[in-house]
Amino acid sequence: MGKFIIEGQRSLGGKVRINGAKNSVLKLMVAALLGQGTFSLENVPQITDVNTMIGVLRALGVQVQFQAPRMQLSVSSVQGSTPQELVKAMRASIQVMGPLLARLGHVEVAKPGGCAIGRRPLDIHLSGFQQMGASIESEGDVFVARAPRLHGADISFRYPSVGATENIMMAATLAKGRTVIRNAAREPEIVDIQDFLNQMGARIKGAGTPVITIEGVHELGCTDFTVIPDRIEAGTYLLAFLITGGSGTLENVIPEHIGPLLDLVQGMGAHLEVQERAVEILSPAKLRPFSLSTNPYPGFPTDLQPQMVAVATQAHGQSELVEAVFDKRFGYTAELKKLGAHIDSKEQAVVVHGPTHLKANTLLAGDLRGGAALVLAALAAGGSTTIEGVDHIDRGYESMETRLLRLGASVKRIAN
Ligand code: EPZ
């Protein structure tokens with residue numbers, strides 16, 4: 001596992017170009033399993049989750065060539081049993097279930113293991129497949145699902161799960177008849193997947209709203225596609241400018257995808273210039289405290305909650321953050337406290353008392369976004385902070401140290 005050594009208290013400045021969205025591209029790669037032919041994806045980030053998904057697809061019989069930011073996928077025949085160790089390494093691998101069940105009529109998927117951010121059950125995915133006619137058995141560490149041909153169904157989700165919306169939407173493209181998903185997740189990545197599948201020949205309407213309708217077709221082809229910008233990467237760099245009192249520009253960003261964050265940082269005193277595909281930020285001399293609760297899109301994203309807690313340590317006053325999506329997403333706060341942060345933890349909320357002069361220490365990243373929060377805090381801290389476990393950060397941020405370095409930070413990666 002590598003480490004970052006960060007010398008803090010330097011204001012960041014300059015321009016950063018946002019990469020393609022991790023949480024879209026992983027599902028686009030999986031959606032290709034429904035099709036036939038050669039796909040070309042543009043704006044694909046060089047992150048380790050993408051490499052893991054390449055491993056999954058190759059094991060299923062897909063040919064993959066990847067030189068960031070371009071990926072080519074050649075799909076002809078595929079097989080229906082996924083490599084256990086890769087599924088355990090990355091929960092997003094569970095998304096192969098819908099496409100393979102629809103295409104092959106059977107699939108065996110290893111049960112994804114525990115997770116640092118909460119329980120993450122799969123009941124909404126599995127119940128959706130069952131309503132479409134699948135039988136699902138749990139055999140030891142593996143789910144075995146069978147359905148000679150899935151049929152359409154009117155499915156109401158008890159919660160707008162992102163992964164379940166995508167899984168059922170993909171499965172329904174090849175099912176017999178019409179599927180309606182009610183209380184569907186509305187994230188921009190779901191719209192991206194709808195657009196991709198429709199370009200392959202699917203008939204989907206409604207992504208981005210709570211009701212998605214899919215008319216099943218007999219087969220799907222291939223397409224070329226450009227992945228949307230990563231709104232969480234964009235938010236993380238915006239907050240890197242803010243926590244260091246810097247000013248800079250995010251390029252290749254869709255401002256409406258980070259609307260709640262932009263409102264919040266303006267409320268904290270930042271000045272923003274918002275253009276069609278760019279956001280410029282000027283930090284205030286003094287950050288105001290804030291309150292937020294995470295929520296499914298269009299609410300405030302849970303994937304930016306840890307980074308906001310890091311920023312709250314520099315705000316003048318008491319900030320309160322409620323986590324309403326995952327049940328265990330404050331683990332990283334124990335590491336922030338090692339820098340001197342004053343954080344009171346309740347079960348699903350934290351109160352942060354700022355401002356604090358954070359002081360360098362050695363920290364351990366335990367998950368992707370918690371790791372990003374540690375990096376932000378280290379950028380604001382006095383002295384030289386070591387962050388271990390940066391492989392978690394590499395799952396979702398391309399070359400974070402190089403990009404921060406270009407913005408004026410002092411960050412060194414030590415491989416070990
Ligand atoms: C996606 O996870 C993202 N991952 C997550 O990104 C993100 O935090 C999350 O959506 C919410 O926005 C990918 O896209 C690869 P959910 P997903 O199903 O699909 C509960 C990151 O850092 N639930 O919407 O797994 C679940 O336990 C990450 O990039 C059930 O109860 O999220 C959770 O509390 C991590 N039963 C809530 O719903 C189910 O069957 C939201 O989960 C499914 C989910």
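Just so you know, these numbers come straight off a predicted model, no measurement behind them. In each ligand, atom 1 is the first atom listed, and ligand 1 is the first ligand listed.
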Starting from atom 15 (C) of ligand 1, find the nearest protein heavy-atom neighbour and note its residue, name and distance.
Asn23 OD1, 3.3 Å
Should Arg91 and Arg120 count as side-chain neighbours, where that means a heavy-atom distance under 4.5 Å?
yes
Assess whether a salt bridge exists between Lys88 and Glu85, defined as any Lys/Arg side-chain N lying under 4.0 Å from an Asp/Glu carboxylate O.
no
One thing to verify: whether Arg17 and Glu251 come together as a salt bridge, which I'm taking to mean a side-chain N less than 4.0 angstrom from a carboxylate O.
no
At a 4.0 Å cut-off, with the gap strictly under it, does some heavy atom of Pro121 reach an atom of ligand 1?
yes
Counting C-beta onward and ignoring hydrogens, is there a side-chain heavy-atom pair between Val180 and Asp154 closer than 4.5 Å?
yes
Nearest heavy-atom neighbours spanning Val50 and Met29:
O-CE, 3.9 Å
Could you tell me which atoms of ligand 1, counted from 1 in the order shown, lie closer than 4.0 angstrom to a heavy atom of Lys27?
13 (C), 14 (O), 15 (C)
Do Val109 and Leu100 touch side chain to side chain, with heavy atoms closer than 4.5 Å?
no
Considering heavy atoms of the protein only, find what lies nearest to atom 25 (O) of ligand 1 and give residue, atom and distance to 0.1 Å.
Arg120 NH2, 2.9 Å
Steps toward salt bridge (Lys or Arg N to Asp or Glu O under 4.0 Å) verdict (Arg329, Asp303):
CA-CA 10 Å; Arg329 209 173 192 177; Asp303 293 345; 2.8 Å; yes
Pick one of side chain, backbone, both or neither for how Arg158 approaches ligand 1, counting any non-hydrogen atom pair under 4.0 Å.
side chain
Answer yes or no: is there a side-chain heavy-atom contact under 4.5 Å between Glu166 and Gln194?
no
Which of the numbered atoms in ligand 1 are below 4.0 angstrom from a heavy atom of Arg329?
8 (O), 22 (O), 35 (C)
With a distance cut-off below 6.0 Å to the six-membered ring centre and an angular limit of 45° from the axis, does Lys111 pair with Phe143 as a cation-pi contact?
yes
Within-shell test, Glu233 vs ligand 1, heavy atom, strictly < 4.0 Å
no
Counting only heavy atoms closer than 4.0 Å, does ligand 1 sit against the backbone of His125, its side chain, both, or neither?
both
Nearest non-hydrogen atom to atom 18 (O) of ligand 1 belongs to which of Ser127, Ser161, Gly396, Ser93?
Ser161
Protein heavy atom at shortest distance from atom 40 (O) of ligand 1
Ile124 N, 2.8 Å
For atom 11 (C) of ligand 1, grab the closest protein heavy atom and report residue, atom and distance to one decimal in Å.
Thr302 CG2, 4.0 Å
With heavy atoms and a 4.0 Å threshold, my read on which part of Glu166 contacts ligand 1 is neither
Geometric N/O contact Arg91 with ligand 1, under 3.5 angstrom
no
Does this structure show an ion pair linking Arg231 with Glu189, if we count only N-O contacts that are shorter than 4.0 Å?
yes
At a 4.0 Å threshold, what atoms of ligand 1 neighbour a non-hydrogen atom of Val325?
33 (C), 34 (O), 37 (C), 41 (C)
Nearest protein heavy-atom contact for atom 32 (O) of ligand 1: which residue, which atom, what distance?
Phe326 CZ, 4.1 Å
I need the contact type for His392 against ligand 1. Using non-hydrogen atoms and a strict under-4.0 Å cut-off, is it side chain, backbone, both or neither?
neither
Under 4.0 Å from a heavy atom of Gly163: give me the atoms of ligand 1 that qualify, with their elements.
18 (O), 19 (O)
Tell me whether Arg70 at atom CZ has more than 12 heavy atoms from other residues, nucleotides or ligands lying less than 6.0 Å away.
no
Determine whether any protein heavy atom is located less than 4.0 Å from atom 13 (C) of ligand 1.
yes
Cationic N near anionic O, under 4.0 Å, Asp394 to Arg413:
yes
Shortest protein heavy-atom distance from atom 29 (O) of ligand 1, along with the residue and atom involved:
Arg369 NH2, 2.8 Å
Step through the shown structure and confirm whether more than 12 heavy atoms of other residues, nucleotides or ligands are within 6.0 Å of CD on Glu219.
no
Taking atom types as modelled, find out whether Glu323 and Gln305 have a side-chain donor-acceptor pair closer than 3.5 angstrom.
yes
Within the 4.0 Å heavy-atom cut-off, what Lys22 brings close to ligand 1 is side chain
Note the single closest protein heavy atom to atom 36 (N) of ligand 1, along with its residue, its atom name and the distance in Å.
Asp123 OD1, 2.8 Å
Against heavy atoms of Tyr159, which atoms of ligand 1 measure under 4.0 Å?
37 (C), 38 (O), 41 (C)
Just to be sure I read this right, does ligand 1 sit under 4.0 Å from the backbone of Asp303, its side chain, both, or neither, counting only heavy atoms?
side chain
Return yes when Glu189 approaches ligand 1 closer than 4.0 angstrom through a heavy atom, no otherwise.
no
Among all protein non-hydrogen atoms, which one is nearest to atom 16 (P) of ligand 1, and what is the separation to 0.1 Å?
Val162 N, 3.6 Å
